[in-house]
Visitor: 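Dropping the structure in here first, questions after.
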There are 2 protein chains.
Amino acid sequence: MSRMHNPAHPGEVLREWLPENMTVTQATKELQISRVTLSKVLNGKAGITAGMSLRLAAWLGTSPDVWLGMQTQWDLWQAEQQPTPKIRPLERLAA
Amino acid sequence: MSRMHNPAHPGEVLREWLPENMTVTQATKELQISRVTLSKVLNGKAGITAGMSLRLAAWLGTSPDVWLGMQTQWDLWQAEQQPTPKIRPLERLAA
DNA sequence: AATATTGTTAAGCGTTACTTAACAGCCATA
DNA sequence: TATGGCTGTTAAGTAACGCTTAACAATATT
């Protein structure tokens, strides 16, 4: 029992946080990153790093954990989709 | 107001989860990774990836989020220690 | 004493996030 | 119409990181 739905890529969510009229170029000036970097994030071609989450948090007034956590969940789901080797649970001694 | 203490590296925490008598070599056989990989994680010379967190979860009977979340918090703290560019908060229109 | 096993370091490979340069598409203005 | 400035995306190059196998010194085993 865990994540069952493909979680949205953080870039998709980020899109919704940008004001309608705001261009990518404008946003990158505020965030002080290159246009390319933001473009790739928005298109799901790059992930959100810790540093990026700090920038987003400072700019959008959220917690950094929101963005980084989203990325984490996405990474996890991706990893879950790949065949995992069968690992036998460690037998712990009862306390 | 946020993280103020240097969070422990996930590898340090992982150490406490390994049974006293268990060798790194043994653990890596269970986890099906190389000795080097686990060694580096335990010594804080590598992070815990999504795939690794799944392995640990399967083996130790925890949620993967525990390990990946720990890594996330560590990454965030590291990023916070570096000088962040001053970003002016986005002025949102009142609803 | 010789051999095996431990954990770590070295070296190489593949992936990814970042940058700047280059590009095609759109819009304004001369 | 052309021309120049803007848009967002792609191309190319660099640096960092996680992973592997090979090699090593130190310790344990036979």
Side-chain angles (χ1 to χ4, degrees), chain A residues 9-12 14-59 64 67-68 70-85 87, chain B residues 9-12 14-59 64 67-68 70-85 87:
Chain A
H9 187 281
E12 251 181 272
L14 177 54
R15 270 219 147 85
E16 306 168 4
W17 279 73
L18 304 184
E20 288 297 338
N21 50 345
M22 163 115 23
T23 70
V24 168
T25 305
Q26 253 177 310
T28 60
K29 275 175 191 161
E30 304 282 356
L31 292 169
Q32 300 177 52
I33 56 177
S34 74
R35 282 178 300 156
V36 175
T37 299
L38 181 57
S39 173
K40 290 183 91 169
V41 168
L42 290 176
N43 293 331
K45 293 181 180 171
I48 292 188
T49 65
M52 183 71 69
S53 78
L54 288 177
R55 284 178 150 91
L56 291 176
W59 189 45
W67 301 104
L68 203 44
M70 235 184 292
Q71 183 65 46
T72 287
Q73 292 309 309
W74 195 82
D75 290 344
L76 220 109
W77 191 86
Q78 293 297 326
E80 275 171 356
Q81 300 319 300
Q82 286 183 320
T84 316
I87 295 180
Chain B
H9 188 281
E12 252 181 271
L14 177 55
R15 269 218 147 85
E16 306 169 3
W17 279 73
L18 305 184
E20 288 297 337
N21 51 344
M22 161 116 21
T23 70
V24 168
T25 307
Q26 253 177 309
T28 60
K29 276 175 190 158
E30 304 281 356
L31 292 168
Q32 302 176 51
I33 57 178
S34 76
R35 282 178 301 155
V36 174
T37 299
L38 182 56
S39 174
K40 292 184 87 170
V41 168
L42 289 177
N43 294 330
K45 293 181 180 171
I48 292 187
T49 64
M52 182 72 69
S53 78
L54 289 178
R55 284 177 150 92
L56 291 175
W59 190 44
W67 302 103
L68 204 44
M70 234 182 294
Q71 182 65 45
T72 287
Q73 291 310 308
W74 195 83
D75 290 344
L76 246 181
W77 192 86
Q78 293 298 325
E80 275 171 357
Q81 300 318 301
Q82 285 183 321
T84 316
I87 296 180

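In what follows, chains are A, B, ... by sequence order, proteins preceding strands, each numbered from 1.
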Visitor: Quick check on dG7(C): is either OP1 or OP2 less than 4.0 Å from any side-chain nitrogen or oxygen of Asn43(B)?
Guide: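 Answer no for this pair, as no side-chain N or O of Asn43(B) is under 4.0 Å from OP1 or OP2.
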Visitor: Answer whether the closest heavy-atom distance between the side chains of Thr84(A) and Glu80(A) falls below 4.5 Å.
Guide: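 Not touching, per the 4.5 Å side-chain cut-off.
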Visitor: If I take atom NZ in residue Lys40(A) and atom P in nucleotide dT7(D), what distance separates them, rounded to the nearest angstrom?
Guide: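 Atom-to-atom, Lys40(A) to dT7(D), this comes out as 20 Å.
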Visitor: Tabulated below should be each protein N or O lying under 3.5 Å from an N or O of nucleotides 21-30 of chain D; please produce it.
Guide:
none

Visitor: For Lys45(B) and dC17(D), give me the distance from atom NZ to atom P, rounded to whole Å.
Guide: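 One finds 14 Å between P of dC17(D) and NZ of Lys45(B), rounded.
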Visitor: Within the 4.5 Å heavy-atom criterion, are Leu76(A) and Leu54(B) side-chain neighbours or not?
Guide: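 With C-beta onward as the side chain, the pair touches.
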Visitor: Whole Å only: how far is the CG atom of Leu18(A) from the P atom of dT7(D)?
Guide: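 Rounding to the nearest Å, CG of Leu18(A) and P of dT7(D) are 15 Å apart.
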Visitor: Would you say a side-chain N or O of Ser39(A) is under 4.0 Å from OP1 or OP2 of dT9(D)?
Guide: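 For Ser39(A), the contact criterion (side-chain N or O under 4.0 Å from OP1 or OP2 of dT9(D)) is met.
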Visitor: Taking atom C1' of dG18(D) as reference, at what distance in whole Å does atom CD1 of Ile48(B) sit?
Guide: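 In whole Å, dG18(D) C1' and Ile48(B) CD1 are 13 Å from each other.
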Visitor: Within the structure provided, determine whether Thr37(A) and Leu31(A) are in side-chain contact (heavy-atom separation under 4.5 Å).
Guide: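 No, side chains not in contact.
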Visitor: Tell me the interatomic distance from Met22(A), atom CE, to dG8(D), atom P, rounded to whole angstroms.
Guide: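 It is 11 Å, rounded to the nearest whole Å.
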Visitor: Output yes when a side-chain donor or acceptor of Glu30(B) lies under 3.5 Å from a complementary backbone atom of Gln26(B), and no otherwise.
Guide: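 No, Glu30(B) side chain to Gln26(B) backbone: no donor-acceptor pair under 3.5 Å.
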Visitor: Just wondering, do Asn43(A) and Arg15(A) contact through their side chains at under 4.5 Å, heavy atoms?
Guide: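 Sidechains of Asn43(A) and Arg15(A): in contact.
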Visitor: Does a nitrogen or oxygen in the side chain of Thr25(A) sit under 4.0 Å from OP1 or OP2 of dT7(D)?
Guide: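 Answer yes for this pair, as a side-chain N or O of Thr25(A) is under 4.0 Å from OP1 or OP2.
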Visitor: Side chains of Ile33(B) and Arg55(B): does their closest heavy-atom pair fall under 4.5 Å?
Guide: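 Yes. Closest side-chain heavy atoms under 4.5 Å.
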Visitor: If I take atom CG in residue Leu31(B) and atom C1' in nucleotide dG18(D), what distance separates them, rounded to the nearest angstrom?
Guide: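 Rounded to whole Å, this separation is 15 Å.
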Visitor: Would a 4.5 Å heavy-atom cut-off, applied to side chains only, mark Trp74(A) and Ile48(A) as touching?
Guide: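 No; the side chains remain at least 4.5 Å from each other.
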Visitor: Using whole Å, report how far CD of Gln78(B) lies from P of dA17(C).
Guide: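 So the CD-P distance, Gln78(B) to dA17(C), works out to 19 Å.
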Visitor: Can a side chain N or O of Thr49(B) be found less than 4.0 Å away from OP1 or OP2 on dC17(D)?
Guide: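 So the side chain of Thr49(B) is outside the cut-off, no N or O lying under 4.0 Å from OP1 or OP2 of dC17(D).
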Visitor: Can you check the Met52(B) CE to dG18(D) P distance for me, whole Å?
Guide: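 Rounded to whole Å, this separation is 9 Å.
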